[in-house]
There are 2 protein chains.
Amino acid sequence: MTVKTKGRPRGFDADEALDRAIEVFWEHGYEGASLTDLTSAMGINRPSMYAAYGNKEELFRRAVARYAEHDMAYAREALAEPTAYQVIERFLRANADALTRADRPAGCLSIQGGLAGGSDNGEVAQFLAASRLGGERALSGRLARAVEEGDLPAGTDPAALARYVMTVSEGNAVHAAAGVDRASLHATVDLAMRAVPRSPEAP
Amino acid sequence: MTVKTKGRPRGFDADEALDRAIEVFWEHGYEGASLTDLTSAMGINRPSMYAAYGNKEELFRRAVARYAEHDMAYAREALAEPTAYQVIERFLRANADALTRADRPAGCLSIQGGLAGGSDNGEVAQFLAASRLGGERALSGRLARAVEEGDLPAGTDPAALARYVMTVSEGNAVHAAAGVDRASLHATVDLAMRAVPRSPEAP
DNA sequence: GTCATTCCATACCGAGCGATACAAAAATAC
DNA sequence: GTATTTTTGTATCGCTCGGTATGGAATGAC
């Protein structure tokens, strides 16, 4: 459904350029990524960026949204596993792999992007925190279903378990950003899984 | 042991000023903290800062060193607990409290300070990573002793367990920076402790 | 007292920041 | 073809950044 355009056509693919921007933000954080870094990586110049995305912050929000949809697709896929234990393990394993992909910066954009409120009043950090919380809520909902299904022991707090899983995931992201290798992250997952409760009658 | 001075005496306490700088770096990160922010919080002006600390990066390193010595003293104290399980629990509990102190910014300086390599080539991020690794090594050494003493099951990998504990600690720091309250962090510690092995003959 | 030394206050530097003004270039509409 | 619309390239804006030059203020040495 290409809309019939009038003026000069855009000389770049907006999504491909966004992927380049993702990597720059990922590597340098929101504040550390300058417009010169971004536009040169995207292969466009400043006015094209402003026309296509608005401004730097909007570009970042678009980048995070695309990152959540593509680079973190494994998180949604993990929710489809049949048992809570399998959901959690698949998520943490895929996460450990994603944090150490050779063709991407180490770590996780939604954490490296910016934890502290920089020059702005922490708007970027809050946006990222909200984005992460969305994932935690989705996992919590899936685990609540597992409790109902008897897949997790009765009395298990789904929100607390989801928060624990995300905590391990975020800690692994911090480690990955510091250069820890994939095998070590999986060793951490090995240990972390020992804390995940399993129902007695579960397979 | 006050050294006999010659010229005009310094009009501020270097350590107190450092404490103010710690909070600014903690809240805004290394890049987000401007010299104007820093010096006005420290109650001094720029030339005094440069005379006393060298430059912004040196000020940051001094701040992190003081932070590690004072604000993270609980980590060293935890190592003195008699058993590995108690070492780990005391560390994670004290950590959860420290991450949510009312009189300090939420979270942890050594993580909020900067995860991604900003304008510099990630020197600050690497410095912080090395600082965190120091803590992990200290814990690993303590846990290795616990294995020797039979306090942890034979075959336990002390480095892996130490890394797991630090991962939980860092994940909690990310959550704390996002505004998660103290009780929730302790609930995560409750779960995390389930993964810590205990020797059968341990008390 | 005078001198030497150190610290503090103001005012400023070049550089890089995010963001834009403007006109040439490239497409469609007619 | 001409008119219209949109994108692109260049050159630049005002601003803030980290860092500093300079001269006066405050102390010890003598």
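Residue numbering restarts at 1 for every chain, and letters A, B, ... go by the order of the sequence lines. All figures in this text were calculated on a predicted structure; none of them were measured in a lab.
- Listed by chain and number, the residues in a side chain to side chain donor-acceptor pair (under 3.5 Å) with A:Thr36 are A:Arg46 (sequence neighbours excluded).
- In this structure B:Glu81 satisfies the side chain to side chain donor-acceptor pair (under 3.5 Å) test together with B:Arg90, sequence neighbours excluded.
- Geometrically, A:Lys56 does not engage A:Phe25 in a cation-pi contact defined by less than 6.0 Å to the ring centre and at most 45° from the axis.
- A close approach under 4.0 Å does not occur between any side-chain nitrogen or oxygen of B:Asn45 and OP1 or OP2 of C:dC8.
- Dashed line: the shortest gap from a side-chain N or O of A:Ser48 to OP1 or OP2 of D:dT7 is not under 4.0 Å.
- Annotation: ring-ring contact (aromatic ring centres under 6.0 Å, His included) contacts of A:Tyr67 (sequence neighbours excluded): A:Trp26.
- Put simply, the side chain of A:Thr167 gets close to the backbone of A:Arg163: a donor and an acceptor are under 3.5 Å apart.
- By the side chain to side chain donor-acceptor pair (under 3.5 Å) test, B:Asp103 is found to be paired with B:Arg101, residues two or more places apart in sequence or in another chain being considered.
- Following rounding to the nearest Å, A:Asp13 (CG) and D:dT8 (P) show an atom-to-atom distance of 12 Å.
- Rounded to whole angstrom, the span from the CE atom of B:Met42 across to the P atom of C:dC7 amounts to 15 Å.
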Polar atom pairs between nucleotides 17-21 of chain D and protein, under 3.5 Å, N or O only, would you list them?
from	atom 1	to	atom 2	distance (Å)
D:dG18	OP1	B:Ala33	O	3.3
D:dG18	OP1	B:Lys56	NZ	2.7
D:dG18	OP2	B:Leu35	N	2.7
D:dG18	N7	B:Arg46	NH1	3.1
D:dG19	OP2	B:Tyr50	OH	2.7
D:dG19	OP2	B:Lys56	N	3.1
D:dG19	O5'	B:Tyr50	OH	2.9
D:dG19	N7	B:Arg46	NH1	3.2
D:dG19	O6	B:Arg46	NH1	3.2

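- As rounded to whole Å, 14 Å separates atom P of C:dA9 from atom CZ of B:Arg10.
- Separating the CZ atom of B:Arg8 from the P atom of C:dT6 is a distance of 14 Å, rounded to the nearest angstrom.
- Comparing the end axes of the helix from C:dG1-D:dC30 to C:dC30-D:dG1, each fitted to five base pairs by superposing C1' atoms of four pairs onto the next four, gives an inter-axis angle of 0° (nearest 10 degrees).
- Considering only residues two or more places apart in sequence or on other chains, A:Glu136 meets the salt bridge (Lys or Arg N to Asp or Glu O under 4.0 Å) condition with none of them.
- Screening residues 23-42 of chain B for salt bridge (charged side-chain N to carboxylate O under 4.0 Å, His left out), with sequence neighbours left out, gives B:Glu23-B:Arg104.
- Sorted by first and then second residue, the salt bridge (charged side-chain N to carboxylate O under 4.0 Å, His left out) pairs involving residues 165-175 of chain A (not counting sequence neighbours) are A:Arg132-A:Glu170.
- The stretch residues 15-27 of chain B has no heavy atom under 4.0 angstrom from DNA chain D at all.
- With sequence neighbours excluded, the residues satisfying side chain to side chain donor-acceptor pair (under 3.5 Å) with B:Arg145 are B:Glu149.
- Residue pairs meeting the ring pair (Phe, Tyr, Trp, His ring centres under 6.0 Å) criterion with at least one member in residues 153-196 of chain B, sequence neighbours excluded, do not occur.
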